[in-house]
Amino acid sequence: MAQVPSSQALLEKIVSLSKRRGFIFQSSEIYGGLNGCWDFGPLGVEMLRNIKDAWWRAMTGRGGIEGIDASILMHPRVWEASGHVQNFSDPMVDCRECKMRYRVDHLFGEMSEKKLRAISKATTLEGALAKTLNMQSQEVTKEQLAEILLSMIEKSDTLFSELVEKELIGCPNCGRVKTLTPPRNFNLMFETHIGPVKDDSNAVYLRPETAQGIFVNFLNVMQSSRQKVPFGICQIGKSFRNEINTKNFLFRTREFEQMEMQFFCKAGTDEQFFEEWRETRWNWWQSLGMPESKMRFKPHEKLAHYAKAAGDIEFLFPFGFGEIEGIHNRTDFDLTRHTEFSGKSLQVHDEQTKEKYTPYVVETAAGATRGFMALLCNAYEEEQVEGEQRVVMRLSPSIAPIKVAVLPLVNKDGMPEIAQSLEKDLRRSMKSFYDDSGAVGRRYRRMDEIGTPFAVTIDSDTLVDQTVTIRERDSMKQIRIAIAGVRQYLMDKMD
RNA sequence: GCGGGAGUAACUCAGUUGGUAGAGUCACAGCCUUCCAAGCUGUUGGUCGCGGGUUCGAGUCCCGUCUCCCGCUCCA
């Protein structure tokens, strides 16, 4: 009878086990840790690599998709073109009294039209608004009014504070006036500097997504690999976002790894490819052992500036559903923008119509780090076996960090030597582990806890007829086969 | 960033009104063991998150700070 502990306890158990067994350590732990940063230990890195390898094979192995590995540092103009410089920072204010925090644009967005007009009049923005929009102020909609106000606030260091002082903007939560702080910018991109001298002129960003490295290399890849639209480019790599808050173990971190694929296609075919990829990616997660019962696809209601359609594959984490992959129809937004900002044409030639066009892009952006955590959470189970508790990681053999343990039943009669020899042989084909300490039952349980799917045991029968037992993790059932056939037996089970 | 909770051995946790830091588990070395974590012996391992302060004396009281968890906020 399997059981899953309550949600808050479950995550703590997984964090604890991760550290104890070497999946995940907190970054810089001996210095007190670093907020939201985690290190992969020996088992964690094996499992992460297995996930990434599976993804890489699924992408590059299907044909029509090329891989790249772009630099993390890119030309700063890339992020102007992508919209990140403008959209990836939100001015925010705090209420000094009730401690609520607001995004300034949300503040105006929820304001009544009457209020917005009162603010405009009081700040003599009315004329400027009319001028900007080239129309009478009475015809300006509420949304336009809010938008213009916002842009004026962004251009002025003092305007917002003036409005607060004149009691035109109060705290929506506690209703007090004169309590809102001046707006502060939260830029979610990490900034650093090229060269030893720190200077605005040499500022660069750590990439907040890997996608842009693909877009700027679009023509390079297409020409060098002799691909034709439709085709895809994929990449695995680290990305960085200066999140205000990190939380939930590996789920929201400032440094994380992405597995992204951008599929370039002609406008008009994009919607069909979007659907195809949505299904392909959904099925891929299941191929790693993720059950459909813990997954859902959630379409975005509010679309980002670049997207025509978008949705997330979500996994039911202990803390609730969370995104593990986004599927977006980015249209021709990115290539068009890079054409504008770089001055280089990123169009392709249509052989049939003899026309040039900018391809549309369907993006699949999976989180390697998040996927790792999802698969770890999914695998963790506690069950009662003959009155004893058994902790078992039901990891799919394809992603399990160690594939097989080789154990002598007892440490005598030459069993350790035979086991060591077999382990050495298996090691060449798969990650294996030899263990002769304590009772065999204890060793089985240790392997269960780290998700090792198989255990081969050398016993006294082995000495007589060269057979061994293979114990399967989930069922704990054993079969007996010839020692010479072990390697092939396991290889067949790995697929 | 705000509010709440927590931080003592690798893990889970005790530690009384302030008086020389403990247990279980794990790990390691042996012994014993012929199939599912509980046998025996021994061993390693702790600047009590970090830094100040009060005190003759601080794991314990005070201040600051860091990290983790929950909630709010945020999450192009």
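Every chain is numbered from 1, with letters handed out A, B, ... down the list of sequences.
- Ring-centre distance between A/Phe319 and A/Phe251: below the 6.0 Å cut-off.
- Among B/C69, B/C36, B/A37, the nucleotide with an atom closest to any side-chain atom of A/Tyr444 is B/C36.
- Applying a 4.0 Å cut-off to non-hydrogen atoms, none of the residues of residues 313-328 of chain A approaches RNA chain B.
- A/Thr369 is listed as a side-chain neighbour of A/Phe40, based on a closest heavy-atom distance under 4.5 Å.
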What protein N or O atoms touch nucleotides 11-13 of chain B N or O atoms at under 3.5 angstrom, if any, and at what distances?
{"unit_1": "B/C11", "atom_1": "OP1", "unit_2": "A/Lys19", "atom_2": "NZ", "d": "2.3"}
{"unit_1": "B/C11", "atom_1": "O3'", "unit_2": "A/Ser16", "atom_2": "OG", "d": "3.0"}
{"unit_1": "B/C11", "atom_1": "O2'", "unit_2": "A/Ser16", "atom_2": "OG", "d": "3.4"}

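- Pair assignment for B/G71: B/C2, on the basis of Watson-Crick or G-U wobble contacts that are both within less than 3.5 Å.
- Pair check for B/G45 finds none; no Watson-Crick or G-U wobble contact set falls under 3.5 Å.
- Residue contacts shown for A/Asp459 include a base, since a base heavy atom lies under 4.0 Å away.
- For A/Lys247, the listed nucleotide lying nearest its side chain is B/U73; candidates were B/U73, B/C35, B/U34.
- When heavy atoms are screened at a 4.0 angstrom cut-off, A/Thr469 is found touching base atoms of the nucleic acid.
- Pairing of B/C40, defined by two Watson-Crick or G-U wobble distances under 3.5 Å, is identified with B/G30.
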Worked check of salt bridge (Lys or Arg N to Asp or Glu O under 4.0 Å) between A/Arg330 and A/Glu260: CA-CA 13 Å; A/Arg330 300 182 70 127; A/Glu260 288 198 319; 5.5 Å; no
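- Counting heavy atoms from C-beta on, the side chains of A/Thr364 and A/Phe263 never come closer than 4.5 Å.
- Aromatic ring orientation, A/Phe215 versus A/His338: tilted (interplanar angle from 30° to 60°).
- Annotation: B/G7 and B/U12 have their P atoms spaced 12 Å apart (nearest Å).
- Looking at the side chain of A/Asn248, the nearest of the listed nucleotides B/U33, B/C70, B/U34 is B/C70.
- At the heavy-atom level, A/Arg443 lies nowhere under 4.0 Å from the strands shown.
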Write out a two-atom table: protein N or O, nucleotide N or O from nucleotides 39-48 of chain B, distance below 3.5 Å.
none

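- Partner of A/Glu449 under the salt bridge (charged side-chain N to carboxylate O under 4.0 Å, His left out) criterion, chosen from A/Arg443, A/Arg473, A/Arg390, A/Arg20: A/Arg20.
- Note on A/Asp461: nothing from the nucleic acid sits closer than 4.0 angstrom, heavy atoms only.
- Counting only heavy atoms from C-beta on, A/Glu209 has its side chain closest to B/A76 among B/C28, B/A76, B/C69.
- A/Asn35 has a side-chain polar atom (N or O) that falls below the 4.0 Å cut-off from OP1 or OP2 of B/C68.
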